[in-house]
Amino acid sequence: MSRTTSHRTHNQILARQPHYAAVFAALGDKTRLALVSKLANGQPHSISELTEESELTRQAVTKHLRVLENAGVVRSKTVGRQTMFVFDGRPFKDADEYLRFVSKQWDGALGRLKAFVER
């Protein structure tokens with residue numbers, strides 16, 4: 001079987017589709033993308049810091065952060081009375097893996113279509 005750059009088999013990638021879907025769904029919202037951008041500097045941020053310069057309430061930001069956390073894009077840690085959030089890039093590597101897999105599938109399909117049309 002063909003392998004991707006991360007050495008997962010075709011069946012392993014297909015088995016992980018729910019994981020990939022969760023990551024893409026979490027990133028499919030402009031507010032969550034903005035939060036990811038703020039966290040991408042690698043520094044932990046509190047909900048208060050992430051709410052600054054936003055029209056959203058702390059509760060709304062917290063809900064968005066929980067979606068990102070459930071998808072593995074951010075991690076939280078309680079420090080004293082504050083919850084700190086930090087970016088986790090691993091799901092982006094997973095998303096890249098899946099996009100490369102899909103791209104390879106499309107390249108193959110287009111190659112077959114081209115060969116068929118040229119016959």
Side-chain angles (χ1 to χ4, degrees):
M1 259 190 205
S2 66
R3 295 195 176 258
T4 65
T5 55
S6 70
H7 306 295
R8 290 189 205 273
T9 67
H10 175 89
N11 289 338
Q12 288 171 325
I13 288 177
L14 292 178
R16 289 180 48 102
Q17 280 184 333
H19 168 72
Y20 302 127
V23 172
F24 287 121
L27 297 174
D29 178 271
K30 67 180 182 176
T31 300
R32 290 192 288 271
L33 281 177
L35 289 169
V36 168
S37 293
K38 287 182 180 181
L39 291 165
N41 67 8
Q43 299 299 313
H45 292 278
S46 67
I47 294 170
S48 296
E49 292 169 336
L50 294 169
T51 305
E52 289 174 7
E53 301 174 20
S54 172
E55 295 177 9
L56 297 174
T57 64
R58 289 172 51 99
Q59 183 179 14
V61 169
T62 300
K63 285 182 180 182
H64 284 290
L65 288 167
R66 294 298 176 210
V67 171
L68 292 169
E69 187 173 31
N70 288 338
V73 176
V74 301
R75 290 179 282 119
S76 66
K77 181 179 181 181
T78 303
V79 179
R81 293 175 51 189
Q82 283 192 324
T83 301
M84 303 298 286
F85 289 85
V86 65
F87 175 75
D88 187 339
R90 289 177 292 182
F92 285 89
K93 291 177 185 170
D94 291 343
D96 180 60
E97 171 185 68
Y98 185 73
L99 291 172
R100 287 176 189 269
F101 168 76
V102 170
S103 177
K104 187 175 179 181
Q105 298 293 344
W106 271 103
D107 289 346
L110 291 173
R112 290 187 300 278
L113 178 62
K114 180 181 178 192
F116 175 77
V117 169
E118 291 176 350
R119 281 193 257 168

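Heavy-atom basis, side chains included; hydrogens, waters and symmetry copies ignored.
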Transitive ILVMFWY side-chain link W106 to Y98, under 4.5 Å: yes

Interatomic spacing from CD1 in I47 to CG in L35 - rounded to 0.5 Å: 10.0 Å

Single-linkage hydrophobic cluster V74~M84, side-chain heavy atoms < 4.5 angstrom: no

Cluster link V73 to Y20, ILVMFWY, side chain under 4.5 Å: no

For the student: nearest non-hydrogen atoms of S54 and L56, plus distance: OG-N, 3.0 Å

Contact summary for L68 and A26, nearest pair of heavy atoms: CD2-O, 3.9 Å

Qualifying side-chain hydrogen bond (donor to acceptor under 3.5 Å, both in side chains) pairs, either residue in residues 107-118, two or more places apart: none

Residue pair T51, T57: steps toward the side chain to side chain contact (heavy atoms under 4.5 Å, CB included) verdict: CA-CA 7 Å; T51 305; T57 64; over 6 Å; no

Carboxylate-amine/guanidinium contact D94 R90, below 4.0 Å: no

Side chain to side chain, H45 and E52, heavy atoms closer than 4.5 Å: no

Atom CD of Q17: over 12 foreign heavy atoms under 6.0 Å: yes

Test item: S103 side-chain N/O and L99 main-chain N/O as donor-acceptor pair under 3.5 Å: no

Separation between CD of E53 and NZ of K38, rounded to the nearest 0.5 Å: 6.0 Å

Nearest atoms (heavy-atom pairs only) where G72 meets P91: O-CG, 3.1 Å

All pairs passing salt bridge (Lys or Arg N to Asp or Glu O under 4.0 Å) where residues 57-69 contributes a residue, at least two apart: R66-E69

Same cluster (ILVMFWY, side-chain, under 4.5 Å), V67 and V23: no

Joint hydrophobic cluster, F92 plus V102, side-chain heavy atoms closer than 4.5 Å: no

Distance, nearest 0.5 Å, that separates NE2 of H10 from NZ of K104: 10.5 Å

For the student: nearest non-hydrogen atoms of L33 and L27, plus distance: CG-O, 3.3 Å

Any residue meeting side chain to side chain contact (heavy atoms under 4.5 Å, CB included) with V86, in chain and number order, not counting sequence neighbours: R75

Pair R32-V36, side chain to side chain contact (heavy atoms under 4.5 Å, CB included): steps then yes or no: CA-CA 6 Å; R32 290 192 288 271; V36 168; 5.5 Å; no

Heavy-atom check, side chain of L65 versus side chain of L39, under 4.5 Å: yes

Under 3.5 Å donor-acceptor, R8 side chain and I13 backbone: no

Non-hydrogen side-chain atoms of V61 and F85 separated by less than 4.5 Å: no

